[in-house]
Amino acid sequence: MSYGGSGSSGGRGARRVEYGRTYVVRPKGRHLATIVWLHGLGDNGASWSQLLDNLPLPNIKWICPTAPTRPVAAFGGFPCTAWFDVEETSLDGRDDIEGLDASAAHVANLLSSEPSDVRLGIGGFSVGAATALHSATCYAHGKFTNGIVYPITLSAVIGLSGWLPCSRTLRSKIESSPMAQRKAAALPILLSHGRADEVVTYRNGERSFEFLRSSGFQFLNFKAYNGLGHYTIPEEMDDVCKWLSSRLGLDRSRG
């Protein structure tokens, strides 16, 4: 495991934010895929890198960045690491589009220098899952909300215990372009949610799935876990491993 330094990101006219340390888990076998994994509120890249390092996925390189520290409305303005400003952890809250676009651009930049024969993915937990799903919709639409072209091709997106930002405008964006419709239909997305989640309710996870499906995302899997709160468990991560191996063709590779 290794890590890089902090960086900054911002589009035209965007506020500049400083990202924390990025942790990288190198593949133990042949490098076939690279996935950026995004932590939840107040967390950092280190904790997830340790968990991901122990998964039986030797062909995946994991990049685990740390979000900027910023005031968060849900915490009364108290600053903590967050990919964007969160008012409420649901589909009905105000969307910090500038913050979402900036973090999605940061993630795309982390993936942009990967080898051309390596498949690219984004995953995350909670607010990180929301950012991953925003990235998925930007990829399908072909551009960020601010109009800048989305620069990479995604092969897999995972959202654990999260929700779909900007859901109200998604369907019209995808339907406006035949290319967006094709990309949305072909992108594999896994959503997982605990039925006992007290932070991002199960209904918000379910509604996110429904919004994605009705907007043209057809390659969807939704996994529900009885008794699971706002955290992950080995069973859920086992299912993530199986899904990634299947969707990225890792189960056909040795080493």
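Computed over heavy atoms, backbone and side chain alike; hydrogens, waters and symmetry mates excluded.
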- Message: Show the nearest heavy-atom pair for residues Gly93 and Glu88, with the distance to one decimal.
- Response: CA-CG, 3.3 Å
- Item | Spatial distance of atom CG (Leu41) from atom SG (Cys80) [nearest 0.5 Å] | 5.0 Å
- Query: Does a side-chain heavy-atom distance below 4.5 Å link Leu228 with Glu235?
  - Reply: no
- Minimum-distance pair of heavy atoms, taken over all atoms of Leu191 and Gly205: CD1-O, 4.4 Å
- Task: Report yes or no: do Leu250 and Met237 belong to one cluster of Ile/Leu/Val/Met/Phe/Trp/Tyr joined by side chain heavy-atom distances under 4.5 Å?
- Result: yes
- Item | Stepwise side-chain contact (heavy atoms from CB on, under 4.5 Å) test for Trp62 and Leu51 | CA-CA 11 Å; Trp62 300 95; Leu51 186 155; over 6 Å; no
- Task: May I ask you to decide if Lys242's main-chain N or O and Ser245's side chain share a donor-acceptor pair within less than 3.5 Å?
- Result: no
- Query: Minimum heavy-atom separation for Phe84 to Ala130, with atom names?
  - Reply: CZ-CB, 3.9 Å
- Does Ala67 offer a backbone N or O that forms a donor-acceptor pair with the side chain of Thr81 under 3.5 Å? no
- Ignoring hydrogens and angles, tell me if any N or O in the side chain of Lys223 forms a donor-acceptor pair with the backbone of Leu190 under 3.5 Å. no
- Under 3.5 Å donor-acceptor, Asp197 side chain and Tyr202 backbone: no
- Is there a donor-acceptor pair closer than 3.5 Å between any side-chain N or O of Ser176 and the backbone N or O of Lys173? yes
- Task: Verify, without hydrogens or angle tests, whether Ser103 (side chain) and Trp83 (backbone) share a donor-acceptor contact under 3.5 angstrom.
- Result: yes
- Task: For Asp85 and Arg94, run side-chain contact (heavy atoms from CB on, under 4.5 Å): C-alpha distance rounded to whole Å, both residues' side-chain angles, the deciding distance at 0.1 Å, then the answer.
- Result: CA-CA 9 Å; Asp85 185 21; Arg94 174 185 61 84; 3.0 Å; yes
- Message: Nearest 0.5 angstrom please: Thr131 OG1 to His106 NE2, how far?
- Response: 11.0 Å
- Task: May I ask you to test the Asp92-Arg207 pair for a side-chain heavy-atom distance under 4.5 Å?
- Result: yes
- After noting the C-alpha distance and the side-chain angles of Leu100 and Thr145, does the key distance pass the side-chain contact (heavy atoms from CB on, under 4.5 Å) rule? CA-CA 9 Å; Leu100 282 159; Thr145 317; over 6 Å; no
- Message: Using the rule given for salt bridge (Lys or Arg N to Asp or Glu O under 4.0 Å), can you reason through Asp101 versus Lys143, listing the C-alpha separation, both sets of side-chain angles and the distance that settles it, and then say yes or no?
- Response: CA-CA 10 Å; Asp101 270 359; Lys143 54 190 173 183; over 6 Å; no
- Examine Phe219 and Phe222 and state if one hydrophobic cluster contains both, with Ile, Leu, Val, Met, Phe, Trp and Tyr joined whenever side-chain heavy atoms are less than 4.5 Å apart. no
- Note on the structure: Nearest heavy-atom approach of Ala104 to His134 is CB-CD2, 4.0 Å
- Message: Nearest 0.5 angstrom please: His141 NE2 to Ser215 OG, how far?
- Response: 11.5 Å
- Can you name the closest pair of heavy atoms from Ala132 and Gly124 and give their distance? CB-N, 4.3 Å
- Mind checking whether Arg26 and Lys61 have side chains closer than 4.5 Å, heavy atoms only? yes
- Under a single-linkage definition using a 4.5 Å side-chain heavy-atom cutoff for Ile, Leu, Val, Met, Phe, Trp and Tyr, are Phe209 and Val199 assigned to the same hydrophobic cluster? yes
- Task: Walk me through it: do Trp37 and Val25 pass the test side-chain contact (heavy atoms from CB on, under 4.5 Å)?
- Result: CA-CA 11 Å; Trp37 192 272; Val25 179; over 6 Å; no
- Task: Mind checking the NE2-CD spacing from His193 to Glu236? Nearest 0.5 Å is all I need.
- Result: 9.5 Å
- Item | In one Ile/Leu/Val/Met/Phe/Trp/Tyr side-chain cluster, 4.5 Å: Val127, Tyr231 | no
- Query: Which distance, rounded to the nearest 0.5 Å, do you find between the OG1 of Thr66 and the CZ of Arg21?
  - Reply: 8.5 Å
- Message: Do Ile122 and Leu38 have side chains that approach each other closer than 4.5 Å (heavy atoms only, starting at C-beta)?
- Response: yes
- Item | Closest approach of Arg195 to Ala224 (non-hydrogen atoms, all atoms of both residues) | NH2-CB, 3.7 Å
- Would Leu91 and Val200 show up in the same hydrophobic cluster when neighbours are defined by side-chain heavy atoms closer than 4.5 Å? yes
- Task: For Arg247 and Ile189, indicate whether the former's side chain and the latter's backbone hold a donor-acceptor pair under 3.5 Å.
- Result: no
- Flag the pair Ile35 / Leu244 as yes when at least one side-chain heavy-atom distance between them is below 4.5 Å, and no otherwise. yes
- Query: Quick one: are Leu52 and Cys64 in side-chain contact, heavy atoms under 4.5 Å?
  - Reply: yes
- Message: For a 4.5 angstrom cut-off between non-hydrogen side-chain atoms, does Thr137 reach Phe217?
- Response: yes
Distance-only donor-acceptor pairs under 3.5 Å for side chains of residues 147-167, two or more places apart:
residue, atom, partner, partner atom, Å
Trp163, NE1, Ser90, O, 3.3

- Item | His230 and Phe125 aromatic centres sub-6.0 Å | yes
- Heavy-atom check, side chain of Leu170 versus side chain of Leu212, under 4.5 Å: yes
- Separation of Thr22 OG1 from Asn44 CG (nearest 0.5 Å): 11.0 Å
- Check against salt bridge (Lys or Arg N to Asp or Glu O under 4.0 Å), Arg203 and Glu210: CA-CA 10 Å; Arg203 181 59 186 145; Glu210 291 164 359; 3.3 Å; yes
